[in-house]
Structures are given as structure tokens and as C-alpha cells.
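Model, not experiment: these values are computed from the prediction.
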Amino acid sequence: MNLCYIDESGTSDIPGNSAYFVLAGISIPIWHWGGCDAEVNQVKIRFGLLDAELHTAWLLRRYVEQESITDFDDMDYVQRRSAVEIERRKHIHALQRSKPKVLKQTKKNFAKTNAYLTLAERKRMVREVAGVIGNWGFARLFGEAVDKANYSSQFILSS
């Protein structure tokens, strides 16, 4: 028996609100799951993210508030967190007055970017997790990507 993790990006609706639909996953024999989880957790612990859900897209994007802080990369974790929270409070305060519709999405974005790691650290962590997974000879990665602009409904089989 295998344990499968499957995730999607975009929407499957045609045309929908995205140009692409991607479905990808990993399959691991169930008896390897505990060891796999422990290996990934060791990387997460080194980066202070043990309880965090890893979303590569969020980890690899630029965080504008970090870039606006002078010498952010040279700060320790406590200093980074404090500086980021100050920038975020200023940004949220400005949105409350001028763009209440953007405020909700901004708060969601901030909730997903609470790592307080530098971009270089986040990239290193993603590479380390990928390296761990890449050494699992028993795992199978799979995926499918659909460019909806080139998708033709003539290929849909009717029952």
C-alpha cells in the first residue's frame, strides 16, 4: 500500500481564472512514511519551521516588507520578526484607510509568510528538502500540466 500526496495549482475550469492547471503528487510505500516524515522534519527543525506547512511558491517568492528593511539579512531571528511586524502593521494600517478590499488578501498573505527567514535561507531549505526527497529511491513523483489555451474539448470522451 502506498501513501499519496496530491496537490493542484490553478483551476480545472475552462476557461477558469488561470491559464494552466497542474496536478502533481508523490507516492511513498506506507512502511516508509515514518522515516520520510522524520527526514523532512529534521530539515524543518534546522530552519525553525517544524510546525509549518511547506509551500514552495510561498517560500520562494520575494517578501516586499523584508526587502524594505535595511540589513534584514544581517539580523537575528528576533530582530527580523520585530522589524517585519512593524512593517506589516504600517502596511495594514495604510490599507485599512484606503483599500479595505485588499486588506483581507494581504492578511492572508502575511499569515503564509511568517517564516522570518531570508530569501537565501528559504531557498536553501527548499533545496535541502528536495535533496532529501530526491534520495528516496522508493518514492514516485508524478504530474500533469495542462495549458488551457491549447486545450480542446474535442478530446473529451462522452459516456
Side-chain angles (χ1 to χ4, degrees), residues 3-28 36-136 139-151:
L3 177 70
C4 291
Y5 174 80
I6 300 171
D7 198 9
E8 83 283 337
S9 181
T11 62
S12 59
D13 299 333
I14 298 176
N17 61 1
S18 63
Y20 302 96
F21 178 68
V22 179
L23 187 67
I26 185 169
S27 173
I28 301 168
C36 294
D37 191 44
E39 285 183 59
V40 171
N41 281 341
Q42 287 304 310
V43 176
K44 291 170 68 176
I45 287 168
R46 281 198 304 280
F47 288 90
L49 297 177
L50 179 59
D51 295 325
E53 184 177 353
L54 301 182
H55 281 272
T56 305
W58 286 101
L59 289 166
L60 296 180
R61 69 177 51 181
R62 295 172 46 225
Y63 298 173
V64 176
E65 66 273 18
Q66 288 184 1
E67 294 175 356
S68 68
I69 298 168
T70 305
D71 298 324
F72 180 82
D73 291 3
D74 298 327
M75 295 177 174
D76 65 27
Y77 181 84
V78 174
Q79 292 170 321
R80 289 178 192 168
R81 182 181 177 118
S82 176
V84 166
E85 291 302 323
I86 289 168
E87 289 297 314
R88 287 180 171 186
R89 277 194 298 273
K90 285 194 278 188
H91 189 67
I92 286 173
H93 184 68
L95 290 176
Q96 286 173 333
R97 292 179 303 193
S98 62
K99 297 183 181 180
K101 290 182 180 181
V102 178
L103 178 62
K104 185 177 179 181
Q105 184 61 47
T106 299
K107 286 182 177 182
K108 282 173 116 176
N109 292 352
F110 285 169
K112 293 186 181 287
T113 59
N114 276 340
Y116 307 108
L117 300 171
T118 66
L119 180 57
E121 289 169 332
R122 289 183 271 125
K123 286 179 178 180
R124 191 168 61 247
M125 192 202 69
V126 168
R127 281 192 296 273
E128 285 188 30
V129 170
V132 165
I133 294 169
N135 286 323
W136 298 341
R140 297 295 174 258
L141 299 173
F142 52 90
E144 180 71 25
V146 177
D147 178 352
K148 293 190 290 185
N150 293 311
Y151 183 79

When rounded to the nearest 0.5 angstrom, what is the spacing between [atom1] in [X] and [atom2] in [Y]?
X	Y	atom1	atom2	result
L117	Y63	CG	OH	8.0 Å
Q79	D74	CD	CG	9.5 Å
H93	L103	NE2	CG	11.5 Å
R81	I86	CZ	CD1	12.5 Å
T118	Q66	OG1	CD	7.5 Å
E39	W136	CD	CH2	6.0 Å

Going by heavy atoms in the side chains, are I28 and Y5 under 4.5 Å from each other?
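The answer is no, as the side chains (C-beta and beyond) never meet within the 4.5 Å cut-off.
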Working for side chain to side chain contact (heavy atoms under 4.5 Å, CB included), residues K44 and N41
CA-CA 5 Å; K44 291 170 68 176; N41 281 341; 3.8 Å; yes
Greater than 12 external heavy atoms within 6.0 Å of E144's CD:
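No - once you tally the heavy atoms of other residues, nucleotides and ligands closer than 6.0 Å, there are 12 at most.
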So does Y20 have more than 12 non-hydrogen atoms from other groups sitting under 6.0 Å from OH?
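No, because the 6.0 Å sphere around OH of Y20 holds 12 heavy atoms or fewer from other groups.
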Test log, rule side chain to side chain contact (heavy atoms under 4.5 Å, CB included), inputs V132 and Q42:
CA-CA 10 Å; V132 165; Q42 287 304 310; over 6 Å; no
For E85 and Y116, what are the C-alpha separation, side-chain angles and deciding distance, and is it a side-chain hydrogen bond (donor to acceptor under 3.5 Å, both in side chains)?
CA-CA 10 Å; E85 291 302 323; Y116 307 108; 2.3 Å; yes
Just list the side-chain donor-acceptor pairs under 3.5 Å for residues 52-61, sequence neighbours left out, or say none.
| residue | atom | partner | partner atom | Å |
| --- | --- | --- | --- | --- |
| E53 | OE2 | H55 | NE2 | 3.1 |
| R61 | NE | A57 | O | 3.4 |

For E67 and F72, indicate whether the former's side chain and the latter's backbone hold a donor-acceptor pair under 3.5 Å.
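Pair absent, no side-chain N/O of E67 close to backbone of F72.
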Is the side chain of S68 donor-acceptor paired with the backbone N or O of E65 at a distance under 3.5 Å, no angle test?
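Yes; at least one donor-acceptor contact below 3.5 Å.
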Apply side chain to side chain donor-acceptor pair (under 3.5 Å) to E128 and list each qualifying residue two or more places apart in sequence or on a separate chain.
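R46.
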Shortest non-hydrogen separation from R80 to D73 and the atoms involved
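Distance-wise, the nearest heavy atoms are NH2-O, 3.6 Å.
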L95, I92, V102 screened by side-chain contact (heavy atoms from CB on, under 4.5 Å) with K107, the one that passes
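Checked L95, I92, V102 against K107; only one passes side-chain contact (heavy atoms from CB on, under 4.5 Å): I92.
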